[in-house]
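First the proteins, then the strands, lettered A, B, ... as listed; each starts at 1.
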There are 2 protein chains.
Amino acid sequence: MSANDNTVNIRANKGGYHHGDLRSALIETGLKMLEQGSAEALSLREIAREIGVSATSIYRHFPDKDALLAALAAEGMAKLAREQKAAAKGKDGKEAFTEMGRAYVRFAVRNPALFRLIYTSLPAAADPNCVNAEESPGWLLRESIAGLAGATASAAQKRAALLRAWSLVHGLAMLILSGQIAGPDVDSLINEVVSVDSLKLR
Amino acid sequence: MSANDNTVNIRANKGGYHHGDLRSALIETGLKMLEQGSAEALSLREIAREIGVSATSIYRHFPDKDALLAALAAEGMAKLAREQKAAAKGKDGKEAFTEMGRAYVRFAVRNPALFRLIYTSLPAAADPNCVNAEESPGWLLRESIAGLAGATASAAQKRAALLRAWSLVHGLAMLILSGQIAGPDVDSLINEVVSVDSLKLR
DNA sequence: CAAATAATGTTTACAGCGACAACATGAGCG
DNA sequence: CGCTCATGTTGTCGCTGTAAACATTATTTG
């Protein structure tokens with residue numbers, strides 16, 4: 001019932017054996033289902049069912065479930081980075097920085113399963129020579145802080161400031177997601193926590 | 001092969017049909033297996049196999065898998081609280097506070113799966129009238145901060161300081177666990193981030 | 001102390017899952 | 001037109017969580 005209503009494909013399903021652009025459809029419906037359930041609860045068979053395709057067709061595009069989840073995580077990370085950039089656009093200095101932190105937490109609250117997936121997938125992004133490092137949310141904060149700290153700050157100081165900033169927004173996001181922190185609304189929580197003054201920039 | 005080597009039970013297995021103290025054994029081996037794999041990878045049947053008991057015997061003590069995981073999480077939370085208290089013992093003021101944060105992160109690094117489980121289980125601890133609130137790690141930080149902030153601080157200021165402190169250590173722990181942050185060792189990372197001065201207590 | 005009853009563990013069974021192998025289809029190129 | 005290979009399907013396997021019916025032992029009670 002749902003094989004033909006996917007209109008986003010480059011070339012739509014011609015009504016038969018081949019889907020047309022199954023890979024994109026898998027990622028798309030995968031993301032859609034992540035909006036309504038956790039990543040662990042996500043099942044390959046369910047995705048296939050939703051698209052209207054056999055369960056094992058997935059393995060023509062991804063070696064296993066983890067690979068599909070990694071693709072979803074990558075998509076989510078790109079989306080997060082985009083929202084961060086958009087939030088900081090037109091602003092600079094402290095304001096740009098604050099807006100990026102705000103966007104980070106807002107993204108987590110609005111996409112809980114996807115946000116969690118991002119940080120449970122990709123098990124190796126630690127070393128500096130990471131492939132996707134420049135698209136990582138942490139990297140965006142780094143740029144912002146580098147600008148904030150000024151020329152007088154040492155590399156170590158900048159690194160410490162980045163660590164603090166990232167830890168702060170990430171921790172706030174995670175605590176909200178796990179229901180440990182309640183507030184009138186998310187924005188006021190962010191305001192309580194994300195304050196440039198509290199980051200000890202220099 | 002492993003039904004009789006469990007010597008921790010109150011009354012040991014008499015060699016036959018009944019285990020003796022299966023509930024404790026389940027939690028115990030559950031925790032043990034959490035040391036070597038994620039919580040999602042944990043299987044009821046595997047635990048039962050390890051203990052040497054049938055798979056469905058678990059349902060005499062826990063209604064479903066989530067209930068067992070919740071019990072493991074509760075155990076982990078208690079352990080974390082204990083370690084925090086122990087770390088702060090004999091110290092006070094800033095030092096006690098710093099040591100508690102350090103213990104928090106150290107616990108996460110040493111018990112990754114358990115730490116994650118703690119914060120994915122227990123979906124409702126947000127509202128103030130939570131049952132286990134006083135055993136929550138956040139609560140311990142709260143006490144410490146209340147002492148730190150002094151009498152002049154308002155309730156809102158204390159709350160904000162707690163939020164910042166908890167977010168900071170929790171975020172650092174989570175980022176380390178997800179491999180986003182690397183450092184020479186954990187303690188130096190903690191030192192970089194956990195500094196009372198950065199919490200803007202008043 | 002013996003019999004009834006409750007607590008605890010077992011067997012059997014089922015549906016859903018991820019994944020592999022063998023097969024079917026059809027798109028694109030010569 | 002016909003070949004080839006990418007893509008989708010069917011069938012199957014072993015694993016999982018969990019429900020129902022049954023077996024055994026602990027505990028209470030007459």
Side-chain angles (χ1 to χ4, degrees), chain A residues 1-4 6 9-30 33-34 36-72 113 117 120-121, chain B residues 1-6 9-30 33-34 37-72 113 117 120-121:
Chain A
M1 75 169 96
S2 58
N4 284 340
N6 195 336
N9 300 342
I10 299 174
R11 41 191 174 164
N13 183 357
K14 287 169 181 168
Y17 205 90
H18 280 38
H19 177 275
D21 191 9
L22 183 53
R23 198 196 150 93
S24 306
L26 287 170
I27 293 182
E28 191 179 336
T29 45
M33 299 182 104
L34 267 189
Q36 291 178 339
S38 77
E40 304 92 53
L42 197 75
S43 114
L44 293 187
R45 294 174 114 104
E46 198 181 348
I47 298 179
R49 230 176 287 133
E50 178 83 10
I51 300 182
V53 93
S54 86
T56 54
S57 62
I58 296 182
Y59 293 92
R60 294 294 157 192
H61 300 274
F62 299 97
D64 57 8
K65 187 182 184 181
D66 277 345
L68 174 55
L69 289 183
L72 296 181
L117 176 63
T120 51
S121 191
Chain B
M1 75 172 94
S2 59
N4 283 341
D5 57 9
N6 195 335
N9 300 339
I10 299 173
R11 39 193 171 164
N13 183 358
K14 287 171 186 171
Y17 205 92
H18 280 38
H19 177 276
D21 191 10
L22 184 51
R23 182 172 219 275
S24 306
L26 287 170
I27 293 182
E28 191 179 335
T29 47
M33 300 183 102
L34 266 189
S38 77
E40 303 92 50
L42 197 76
S43 115
L44 293 187
R45 293 174 113 105
E46 200 181 346
I47 298 179
R49 232 175 286 133
E50 178 83 11
I51 300 183
V53 93
S54 85
T56 54
S57 62
I58 297 182
Y59 292 91
R60 294 293 155 192
H61 300 274
F62 299 97
D64 56 9
K65 186 181 184 180
D66 277 346
L68 173 54
L69 289 183
L72 296 181
L117 176 63
T120 51
S121 190

Pairwise distance CD1(Ile27(A)) to CG(Leu68(A)) - rounded to 0.5 angstrom: 7.0 Å
Pairing residues for Arg60(B) by the side chain to side chain contact (heavy atoms under 4.5 Å, CB included) criterion, not counting sequence neighbours: none
Interatomic distance, Ile51(B) CD1 vs dT10(C) P [rounded to whole Å]: 11 Å
Spacing between His19(B) atom NE2 and dT10(C) atom P, to the nearest angstrom: 10 Å
Closest to side chain of Leu44(B), choosing from dG17(D), dG9(C), dG18(C): dG17(D)
Nucleotide dG9(C), atom C1' - distance to CZ of Phe62(B) in whole Å: 15 Å
Interatomic spacing from CD in Glu40(A) to CG in Leu42(A) - rounded to 0.5 Å: 9.5 Å
Whole-Å distance separating the CZ atom of Arg49(A) from the C1' atom of dA15(C): 11 Å
Length of the line joining Ile58(A):CD1 and dC20(C):P, which is rounded to integer Å: 13 Å
Nucleotide of dG8(D), dG9(C), dT18(D) approaching Lys65(B) most closely (side-chain heavy atoms): dT18(D)
Sequence-distant partners of Ala41(A), side chain to side chain contact (heavy atoms under 4.5 Å, CB included), two or more places apart: Ser38(A)
Can you check nucleotides 10-13 of chain D for protein contacts, nitrogen or oxygen pairs under 3.5 Å, and list what you find?
from    : atom 1 : to       : atom 2 : distance (Å)
dT10(D) : O4     : Thr56(A) : OG1    : 2.7

Between P of dG17(D) and CG of Asp64(B), the distance in whole Å: 11 Å
Rounded distance [0.5 Å steps], CZ in Arg45(B) versus OG in Ser54(B): 10.0 Å
Touch class at under 4.0 angstrom, heavy-atom based, for Leu42(B) against every strand present: sugar-phosphate
Interatomic distance, Leu26(B) atom CG to Ile51(B) atom CD1 [nearest 0.5 angstrom]: 4.0 Å
Whole-Å distance separating the CD atom of Glu40(B) from the P atom of dG17(D): 13 Å
Write down the protein N/O and nucleotide N/O pairs, taken from nucleotides 22-24 of chain D, whose separation is under 3.5 Å; answer none if there are no such pairs.
from    : atom 1 : to       : atom 2 : distance (Å)
dA23(D) : N3     : Tyr17(B) : OH     : 3.0

Asp64(A) CG to Leu69(A) CG distance, which is reported to the nearest 0.5 Å: 9.0 Å
For Ala113(B), all residues meeting side chain to side chain contact (heavy atoms under 4.5 Å, CB included), sequence neighbours excluded: Leu34(B)
Separation of dA7(C) P from Asp21(B) CG (nearest whole Å): 16 Å
Under-4.0 Å side-chain N/O to phosphate OP1/OP2 contact, His61(A) with dA6(D): no
Pairwise distance CD(Glu28(B)) to CG(Leu22(B)) - rounded to 0.5 angstrom: 11.5 Å
